[in-house]
Amino acid sequence: MTSGLDQKLRVQLRQAMQELERLEARLQNKADYGPGKGDPAIYEWEFTLAMRETAQARVETIRQAILRCKEGRYGICEQCGAEIDPERLDALPLATKCISCARSTRS
Ligand SMILES: [Zn+2]
């Protein structure tokens, strides 16, 4: 695969990891939040927690994509083994399924 793609994924990984670090840092401040139930700060903390989970999943997804690149499996549909449309990959670099599989699995 092209090194440009690898570069693109690495930039995304760096951004995702920075985001994760930022969220982790925010979660360290839990002690500052009041213990009162219904405290907006608690909601914010829980929201940050959920965001951290999303960020972690994103980091993992990007890592997988980089791994697929290295193994030459990038751009291959994990469901049917067909090549994923380059235009689709351009729009969704982390796509692991071709458009027809993605459509058929979407409920
Ligand atoms: Zn497919």
Side-chain angles (χ1 to χ4, degrees):
M1 264 319 223
T2 64
S3 58
L5 174 74
D6 194 60
Q7 198 69 26
K8 200 159 138 184
L9 290 171
R10 277 170 201 287
V11 169
Q12 286 206 19
L13 181 62
R14 198 159 56 231
Q15 284 168 349
M17 286 177 81
Q18 277 168 359
E19 169 76 359
L20 188 58
E21 271 174 33
R22 197 173 59 82
L23 293 166
E24 297 273 10
R26 221 194 275 173
L27 288 169
Q28 297 300 316
N29 296 327
K30 192 188 182 184
D32 296 342
Y33 293 153
K37 214 178 178 188
D39 188 328
I42 294 295
Y43 289 125
E44 201 197 314
W45 193 82
E46 286 184 351
F47 180 68
T48 306
L49 200 67
M51 278 176 68
R52 186 188 63 174
E53 273 174 31
T54 307
Q56 276 172 334
R58 188 169 163 75
V59 165
E60 190 51 37
T61 305
I62 300 167
R63 280 198 175 129
Q64 293 290 330
I66 290 170
L67 197 69
R68 286 201 303 276
C69 262
K70 276 188 190 144
E71 295 175 347
R73 287 187 292 126
Y74 183 82
I76 305 294
C77 174
E78 65 178 15
Q79 196 157 318
C80 72
E83 268 184 49
I84 301 173
D85 188 339
E87 273 181 33
R88 174 170 162 75
L89 281 177
D90 203 46
L92 291 167
L94 304 177
T96 56
K97 289 186 179 100
C98 70
I99 197 148
S100 55
C101 289
R103 271 184 190 147
S104 67
T105 51
R106 194 178 298 158
S107 53

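Source: prediction; values computed, not measured.
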Trainee: Side-chain contact test, heavy atoms from C-beta onward, threshold under 4.5 Å: evaluate it for V59 versus Q56 and give yes or no.
Mentor: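 Result no, sub-4.5 Å side-chain heavy-atom pair not found.
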Trainee: Should we count CD of E71 as having more than 12 external heavy atoms under 6.0 Å?
Mentor: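 Count over threshold, so yes.
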Trainee: Find the distance between CG (L49) and CD1 (I42) and round it off to the nearest 0.5 Å.
Mentor: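 The CD1 atom of I42 is 11.0 Å from CG of L49, to the nearest 0.5 Å.
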Trainee: Under 4.5 Å between side-chain heavy atoms, hopping through other hydrophobics if needed: is there a path connecting M51 to W45?
Mentor: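 They do not share one cluster, since no chain of ILVMFWY contacts under 4.5 Å joins M51 to W45.
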Trainee: How long is the gap from CZ on R63 to CG on L67, to the nearest 0.5 Å?
Mentor: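 Here the interatomic distance stands at 11.0 Å.
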Trainee: Please give me the minimum heavy-atom distance between C69 and L5, naming the atom from each residue.
Mentor: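 Shortest heavy-atom contact: SG-CD2, 3.5 Å.
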Trainee: Do you know which two heavy atoms are closest between L23 and A55, and how far apart they sit?
Mentor: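 It is CD1-CB, 3.9 Å.
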Trainee: Output the distance between atom CD1 (I76) and atom CD (E83), rounded to the nearest 0.5 Å.
Mentor: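 Here the rounded value is 5.0 Å.
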Trainee: Rounded to the nearest 0.5 Å, what's the gap from CD on E19 to CD on E24? Could you check?
Mentor: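 E19 CD to E24 CD: 11.0 Å, rounded to 0.5 Å.
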Trainee: Ignoring hydrogens and angles, state whether a donor on the side chain of Q64 or E60 is under 3.5 Å from an acceptor on the partner side chain.
Mentor: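 Yes, E60 and Q64 have a side-chain donor paired with an acceptor closer than 3.5 Å.
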Trainee: Under 4.5 Å between any side-chain heavy atoms of I99 and D85, yes or no?
Mentor: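 No, their side chains stay 4.5 Å or more apart.
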Trainee: Could you grab the distance from atom CD of E53 to atom OG1 of T48, nearest 0.5 Å is fine?
Mentor: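 Answer rounded to 0.5 Å: 12.0 Å.
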Trainee: Would you say R73's side chain and E78's backbone share a donor-acceptor pair under 3.5 angstrom?
Mentor: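 Answer holds: no.
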Trainee: Within the 4.5 Å heavy-atom criterion, are R58 and L94 side-chain neighbours or not?
Mentor: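 SC-SC contact between R58 and L94 confirmed.
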Trainee: Give me the atom names and distance for the closest heavy-atom approach of I62 to Q12.
Mentor: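 Shortest heavy-atom separation between I62 and Q12 comes out as CD1-O, 3.6 Å.
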Trainee: Please give me the minimum heavy-atom distance between L89 and A95, naming the atom from each residue.
Mentor: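 Scanning both residues, the minimum pair turns out to be CD2-O, 4.0 Å.
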Trainee: Between C98 and R88, what is the shortest heavy-atom contact and its length?
Mentor: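 Nearest pair, atom of C98 first, then R88: C-NE, 3.8 Å.
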Trainee: For a quick test of reading the model, state the closest non-hydrogen atom pair linking L9 to Y74 and the distance between them.
Mentor: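 L9 and Y74 have their closest heavy atoms at CD1-CE1, 4.3 Å.
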